Structures are given as structure tokens and as C-alpha cells.
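Inspection log for the structure reproduced underneath, given as C-alpha cells.
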There are 2 protein chains.
Amino acid sequence: MRHRLKDVAERAGVSVKTVSNVVNGYVHVRPDTRARVEEAIAELNYRPNLSARNLRKGRTGVIALAVPELDIPYFAELARHVVTAAAALGWTVLIDQTGGVREQERVVASGITDHLIDGLIFSPLALTADDLTNLDGTPMVLLGERVDHGPADHVVIDNVAAAREITTHLVGLGRRRIAAIGSQRTPEGASARLRLDGYRSALEEAGLGYDETLVAPAPAWHRADGAAAMRALLTSGVRPDAVFCFNDTLALGALRALHEAGLRVPDDVAVAGFDGIEDGRFSVPTLTTIAPDKERIARLAVELLANRIDGDRTAPARELSAPYRLEPRESTKGR
Amino acid sequence: MRHRLKDVAERAGVSVKTVSNVVNGYVHVRPDTRARVEEAIAELNYRPNLSARNLRKGRTGVIALAVPELDIPYFAELARHVVTAAAALGWTVLIDQTGGVREQERVVASGITDHLIDGLIFSPLALTADDLTNLDGTPMVLLGERVDHGPADHVVIDNVAAAREITTHLVGLGRRRIAAIGSQRTPEGASARLRLDGYRSALEEAGLGYDETLVAPAPAWHRADGAAAMRALLTSGVRPDAVFCFNDTLALGALRALHEAGLRVPDDVAVAGFDGIEDGRFSVPTLTTIAPDKERIARLAVELLANRIDGDRTAPARELSAPYRLEPRESTKGR
DNA sequence: AACGTTGACTACAACGTTGTAGAAACCAGG
DNA sequence: CCTGGTTTCTACAACGTTGTAGTCAACGTT
């Protein structure tokens with residue numbers, strides 16, 4: 001049985017608005033009236049109807065987080081932090097999976113703005129700036145790569161610098177034939193491009209030169225893709241002594257493929273990943289990685305969104321940068 | 001700029017209700033009228049206000065999925081399937097993380113029923129039957145262990161039989177000192193208790209007897225807990241030749257601890273898990289596991305919920321069982 | 001020609017809430 | 001005892017949508 005303000009009001013012998021005032025903590029209510037109302041609320045187990053409240057207020061208190069896939073650990077971990085950060089501001093988070101498919105991402109970016117959410121935190125893979133025009137002004141914050149200087153707020157990490165740093169780390173171990181796994185030619189591959197840039201610039205800085213045969217593409221960034229790419233590298237005969245994988249799941253797949261090929265990590269081949277997921281602390285061997293500060297990313301994103309929702313919607317888009325840390329582990333121990 | 005039915009109606013020169021009829025696909029609208037309205041909708045980029053629609057209809061089209069933690073891969077994978085199954089029925093899924101904390105789970109079970117969701121799919125860890133009484137009749141489906149025959153619909157797998165089957169598998173490999181990791185004494189440990197029962201009954205069936213020193217508790221079921229429990233077993237000197245971990249993340253932690261102790265898997269110690277998560281296909285060694293049919297679980301849960309929402313809310317609670325499969329992999333290869 | 005049926009549309013009320021405006025009671029200061 | 005301000009409360013309208021009831025014209029049947 002569902003009750004409304006009206007039922008509570010009748011039971012407490014006051015007007016509907018007075019009950020509303022009590023519910024909303026309005027100060028000018030006599031203590032005994034407040035007590036009577038609260039008693040009635042408790043007796044009826046009254047809960048406000050959020051649809052009605054939302055309609056009236058024009059706010060829903062719900063923000064959406066759109067990620068490619070929840071069972072990619074990086075996004076699951078990120079989601080947890082976003083939910084936590086949003087809860088601190090009294091928001092509920094609706095998590096949306098786009099599959100990284102452009103069409104679905106466009107639906108999320110434009111269609112989901114059905115007054116069901118106040119704002120959107122969006123980690124796009126396939127989206128381009130064009131897709132972001134039709135937004136009805138629903139506040140949005142993008143995570144990850146810049147989409148051609150789109151009109152939205154942005155939280156990024158410096159992918160190029162991070163990729164350069166971890167590649168340099170491999171160089172510092174004395175590795176000379178450093179492969180890369182995860183390149184992508186599609187427009188979806190914005191992260192891939194930046195990380196490849198960083199990899200390349202580190203190699204050139206070290207005087208090692210860039211060898212295209214050492215770069216293996218990966219259609220998606222799952223474990224299976226990493227394993228397949230690693231196998232391809234091995235059978236091609238290029239004999240790398242290190243591999244930089246553009247994310248950790250790729251790296252876990254690569255570890256697996258190296259194990260199957262009878263190669264030892266890090267003795268024969270050093271392996272490094274990117275994302276700092278929890279799995280990497282427990283894999284055999286543990287995985288060297290770039291760990292972005294996910295908590296900070298989440299908090300910055302939520303704060304940017306809050307500013308948009310409550311503040312000036314026409315202010316110029318801001319871009320904030322979150323820190324990362326290189327975490328050396330067993331997979332790149334010196335020999 | 002947001003537009004309403006009224007704006008569209010004025011532009012198309014019809015009544016508000018006619019626009020509503022077009023939007024909702026009502027058949028008795030003249031083709032030319034429909035065309036005019038649709039043109040106006042497109043020009044104004046009109047989107048219905050879901051809060052208003054929900055208020056009017058008493059439905060929101062949103063269901064919630066409450067799980068302990070999204071970055072436990074099992075729940076992330078489950079979430080994906082639930083989202084997919086729900087989308088097939090036109091529902092949006094709001095994912096809620098309870099942290100497995102009883103208080104938070106109670107909030108979800110009772111409080112979230114704020115008319116924002118039409119129903120709830122709930123995978124509780126800590127909840128008891130008492131907590132489920134105060135529900136206002138919001139439809140709910142429980143996943144996993146039965147909560148003392150609570151009043152809600154339920155999708156389960158046969159934990160006892162599954163645990164017995166995988167333990168018997170270990171016995172069949174000739175293992176005689178089979179340890180277990182993941183026992184819990186708290187009321188939260190319903191799954192733990194059932195899996196322990198299955199383990200125990202398999203041992204007795206095989207005439208091996210139950211040795212309490214071979215059972216290691218784990219406060220939570222994360223990788224770190226599995227690693228710690230494994231280390232505890234090893235230092236206690238009980239020398240197991242196999243371990244059944246009550247979930248896969250525990251098992252991955254155990255693999256890690258065994259590796260650090262210089263023991264080989266499966267040669268020295270065979271390891272089995274439970275949940276069938278993707279990681280287990282790529283770990284070194286790959287992980288033998290019980291893989292519940294998550295897609296089926298998700299579909300059954302969504303269907304049960306749909307029946308509650310659209311059908312008889314007072315019908316007696318139903319309990320459906322989903323199948324599972326034993327998936328033998330490297331971690332229990334015969335020696 | 002009168003009749004019922006159907007199609008195409010509209011006016012109105014209602015969903016449950018909260019903002020606005022204002023009434024009534026109370027208080028302090030002159 | 002009046003004035004002006006505050007406290008406490010209420011009536012009403014509005015948020016944007018859809019269900020209900022109804023109007024009116026066109027049509028086919030007798």
C-alpha cells in the first residue's frame with residue numbers, strides 16, 4: 001500500500017503543504033505539529049514519490065555513468081569510485097553500458113537525456129565531436145581522451161606522458177626490442193593513438209627507433225585480444241624482449257600467451273600494462289602498470305558535473321587532469 | 001532548450017493529446033496529421049519528459065540491480081547480463097552497490113522503493129528475512145542463497161550439489177588432503193555455508209573424512225583474502241594436495257600465494273574455484289571452476305520481476321533454479 | 001432519410017509534489 | 001491599543017504527461 005502526502009496530512013490533521021514542509025525540513029513548523037506529522041509519516045511508512053518531486057522540481061537527483069563495458073575491470077573500478085563520489089553529493093548513479101559501439105554511444109549522449117537524468121559522465125570509445133552537438137544542454141563530463149575539443153567538460157590523464165614513462169622504464173631495464181600491443185586504426189582508437197605516440201617518442205628519445213613490425217593491433221582490449229596479439233608477435237619471429245600493452249587486460253592475455261609459448265616473464269620478455277587494475281597485483285607474475293588515480297578522476301568528474309548542473313551552463317568547457325603513478329612489479333623486474 | 005507536448009502541438013496545429021497519441025503510436029491518427037506532428041517533433045527535437053510520464057503512469061521503466069561490489073568480476077558479469085535481459089523488455093537498469101553491508105542492504109531493500117524504480121533484483125550478502133518485510137510491495141527478486149524462505153521470488157543455483165561436484169572432481173584426481181578456502185561464520189555467510197556443506201558431503205562420500213584444520217576462513221572473498229588464507233594454510237603445516245576455493249577471486253589469490261611459496265599448480269597442489277569468471281580462462285595456470293549460467297540467471301530474474309510488476313503481486317513466491325557447469329582447466333590437470 | 005458505427009480529434013482532469021501568495025495568530029515596542 | 005514584523009499554517013496553481021469522456025464528421029446499412 002502506497003501513501004501520499006494527502007494521506008499523511010489527513011492523519012495528522014494538517015494541510016498537505018505542512019507535511020511537505022516537514023518532509024523537506026522547513027524550519028517554521030511548531031515542534032508539536034512536526035511531531036504529529038512525523039508520527040503519521042512513520043505509521044503510514046510514507047515515502048515521497050520521486051517522479052512527482054522530479055516533475056515539480058525539474059531535477060531527478062540521478063546522474064548517468066556511461067562506460068563501454070562493466071566487466072572490463074578498469075571501468076568497474078572506476079564505476080565504484082563514481083558511485084561513491086556521487087553519493088557524497090546525494091546523487092544516485094545510473095550505469096549504462098554502451099559496448100563501445102558508436103551508435104549506442106550516440107543514443108546515450110543524446111537520447112538518454114529524457115529528463116531522467118540531471119547529467120552524464122561519459123567514457124566514450126567511438127564518439128566524435130559531431131555526435132556531441134545535439135545535447136539539449138544536458139550537462140556532460142567526458143572521461144579519457146579529448147574528443148576533438150568537443151564542447152564538454154573533460155577529465156583526462158596525460159596518456160602520452162604516461163606511455164612514454166612506462167616505455168622508458170622498459171628501456172631502463174636494458175630492453176632493446178620493445179613491442180607494443182593494442183594499436184588501433186579506427187576513430188575509436190583515440191587512447192590507442194596517444195599511448196602509441198608516447199611509446200614511440202620514448203623509443204626515439206632512447207635512440208632505439210620505431211619498428212612497425214613490433215606493434216601489434218588489437219581490435220578490442222580484452223584478455224583474449226592480448227593473448228592473440230602476443231601469439232601473432234611470437235609467430236612473426238620478431239622476438240621482442242619486452243612488451244608494452246595499452247591496457248592491463250591485454251597484458252594479462254599476453255602473459256598467458258607467453259606462458260603457453262614457454263617463455264618466462266620477465267626473464268625472457270618483460271611485460272607492462274596500463275590502468276592499474278586490481279588483478280595485476282595477483283597475477284603470476286604481478287603486473288607492472290600505469291595506475292591512474294581513479295578516485296581522483298571520479299571525484300573531479302562528479303565535481304565538474306555538479307558545477308554544470310547547479311551553476312553556469314554556458315561557461316566555457318574545462319579540462320582537468322588527474323595524476324597517475326608508474327607501479328613497477330614482477331613482470332618487469334631486472335634480470 | 002527543452003520543449004513540451006504543448007510546443008509541438010502549437011507548431012503542428014493540433015491538440016496536445018494528438019501529439020501524445022502520435023508519440024505513443026496510437027493508430028487512429030490521419031497520416032497527414034501524423035506527418036505534420038512528426039515534423040514538428042523533429043524540428044523541436046522534442047523528447048518526452050519521463051518524470052511526467054512516470055508520474056502519470058505510475059511506472060518508471062527503471063529496475064534496480066543491487067549487488068555487493070561491482071569490481072568483483074562475478075557481479076560485473078552478472079550485471080552485464082541483467083542489463084541486456086532488461087533492455088530486451090524496454091527497461092533501464094540502475095545498478096546499486098551495497099558493499100555487502102547489512103545496513104546498506106536494508107536501505108536498498110526498503111528505502112530505494114521511492115517510486116523511482118518499478119522493481120529490484122537483489123543479490124544480498126548480509127540480509128535476513130526480517131529485513132525484507134517492509135517493502136511496500138515493490139516487486140523484488142533475490143539472487144543467490146535463499147534468505148530463510150523470505151517472501152520474495154528467488155533465482156538460485158544448487159550450491160551444495162555444485163560444491164560436491166567440484167570436490168568430487170578433486171577426489172577423482174587422486175587428491176586426498178583437500179583444503180577449502182572461504183568459510184565464514186557470520187550470518188552473511190549463507191553461500192559459504194552451503195558450499196562448505198557440499199564440500200563436506202563429497203569428502204564423506206569418498207570416505208575421506210572432514211578435517212577442520214583444512215578449512216580456512218576468509219572474511220571477504222577478494223583476491224587478497226584468498227592469498228592470505230592460502231598462506232595461513234601453508235604455514236600451519238597441514239600440507240594440502242588440493243584446494244577448493246569458494247569463489248574464483250579467492251582462487252586467484254590462492255594461486256598467487258602458492259606461486260610465492262614455490263609450489264606448483266596443479267603438480268603440488270590442485271586448485272579449484274567457483275563462479276566461472278573470465279579471468280580464470282587466462283590466469284597462469286587457467287582455473288578449474290563451477291560456472292553458473294549467468295545469462296540464464298539474469299534472464300530468469302528479469303522474467304520473474306516482469307511477472308511481478310505486470311501480474312499478480314500477491315501470488316506465492318517462486319523459486320527458480322539455474323544450471324551450472326563444471327569447467328576443468330589446467331589448475332586441476334591430472335599429474 | 002434515419003440510424004448506428006467508426007475514425008479522428010479535443011477538452012479536461014488527474015498523477016503527487018512544491019513554490020507562491022497570503023491569512024491568521026502571535027509578539028514586541030511605542 | 002495600535003503598528004509592523006515574524007511565525008505558522010493553508011489554498012491554489014503548476015510541473016508535463018496520459019486516460020476518459022466526449023464532439024463531430026463520414027460512412028454504410030436498413
Side-chain angles (χ1 to χ4, degrees), chain A residues 1-41 44-62 90 113-118 136-138, chain B residues 1-38 40-41 44-62 90 113-118 136-138 309:
Chain A
M1 182 57 178
R2 286 278 158 86
H3 297 281
R4 304 155 297 163
L5 282 180
K6 189 157 166 259
D7 304 314
V8 178
E10 279 166 12
R11 189 169 190 110
V14 296
S15 79
V16 168
K17 189 63 214 289
T18 297
V19 181
S20 170
N21 285 339
V22 169
V23 169
N24 290 283
Y26 181 64
V27 284
H28 296 306
V29 179
R30 277 213 323 270
D32 60 322
T33 310
R34 182 184 300 276
R36 262 201 344 276
V37 170
E38 276 168 352
E39 195 181 348
I41 288 176
L44 296 179
N45 189 30
Y46 166 77
R47 313 232 141 233
N49 180 318
L50 292 187
S51 286
R53 179 179 283 174
N54 296 343
L55 172 59
R56 182 59 235 223
K57 292 203 165 186
R59 288 282 176 81
T60 67
V62 177
T113 65
D114 293 341
H115 311 250
L116 204 147
I117 59 170
D118 294 339
D136 287 2
T138 301
Chain B
M1 182 58 176
R2 286 278 156 84
H3 296 282
R4 304 155 298 162
L5 283 180
K6 189 158 166 260
D7 303 317
V8 178
E10 278 165 12
R11 189 169 190 109
V14 296
S15 80
V16 167
K17 189 62 214 289
T18 298
V19 180
S20 170
N21 286 339
V22 170
V23 170
N24 290 284
Y26 181 64
V27 284
H28 294 309
V29 178
R30 278 214 322 271
D32 60 322
T33 309
R34 181 183 301 277
R36 257 196 353 272
V37 170
E38 277 167 352
I41 287 175
L44 296 178
N45 190 29
Y46 167 77
R47 313 233 139 234
N49 180 319
L50 292 187
S51 287
R53 178 180 286 175
N54 296 343
L55 172 60
R56 180 61 234 223
K57 292 203 165 186
R59 288 283 175 79
T60 66
V62 177
T113 65
D114 293 342
H115 310 251
L116 202 148
I117 59 169
D118 294 338
D136 288 2
T138 301
I309 292 174

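Since the model is a prediction, treat every value here as computed from it, not as a measurement. Chain naming here is simple, since letters A, B, ... match the order of the sequence lines and numbering starts at 1 in each.
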What's the verdict on side-chain contact (heavy atoms from CB on, under 4.5 Å) for A:Asn24 and A:Arg53, showing C-alpha distance, side-chain angles and the deciding distance?
-> CA-CA 11 Å; A:Asn24 290 283; A:Arg53 179 179 283 174; 4.1 Å; yes
Could you check whether A:Val14 gets within reach of a base, just the sugar-phosphate, or nothing at all, counting any heavy atom under 4.0 Å?
-> sugar-phosphate
Identified pairing partner of D:dT30, criterion: Watson-Crick or G-U wobble below 3.5 Å = C:dA1
N/O (side chain, A:Ser15) to phosphate O (OP1/OP2, D:dA11) under 4.0 Å | no
Please find the earliest and latest nucleotides of DNA chain C, in the 5' to 3' direction, that have an atom within less than 4.0 Å of any heavy atom of chain B.
-> C:dG7 to C:dG16
Within the structure shown, what part of the strands sits under 4.0 Å from B:Asn24 by heavy-atom distance: base, sugar-phosphate, or nothing?
-> sugar-phosphate
Look at all strands and tell whether A:Val23 reaches a base, only sugar-phosphate, or nothing, counting heavy atoms closer than 4.0 Å.
-> nothing
Value in whole Å for how far the C1' atom of D:dC24 lies from NE2 of B:His28 | 16 Å
What is the distance from atom CD of B:Glu38 to atom OG1 of B:Thr33, rounded to the nearest 0.5 Å?
-> 11.0 Å
Would you sort out whether B:Arg59 and B:Ile309 count as a side-chain contact (heavy atoms from CB on, under 4.5 Å), showing the intermediate values?
-> CA-CA 9 Å; B:Arg59 288 283 175 79; B:Ile309 292 174; 3.8 Å; yes
Specify the closest pair of heavy atoms between B:Leu55 and A:Ser51, including all atoms of both residues, with the distance to one decimal.
-> N-CB, 3.9 Å
How would you list all residue pairs meeting salt bridge (charged side-chain N to carboxylate O under 4.0 Å, His left out) that involve residues 16-33 of chain B, not counting sequence neighbours?
-> B:Arg30-B:Asp32
Can you name the one residue among B:Leu5, B:Val8, B:Val37 that meets side-chain contact (heavy atoms from CB on, under 4.5 Å) with B:Val22?
-> B:Val37
Please figure out whether B:Lys57 or A:Pro31 has its closest DNA chain D nucleotide nearer the 5' end.
-> A:Pro31
Remember a base hit wins even if backbone is also touched, and classify B:Tyr26 as base, sugar-phosphate or nothing at under 4.0 Å, heavy atoms.
-> nothing
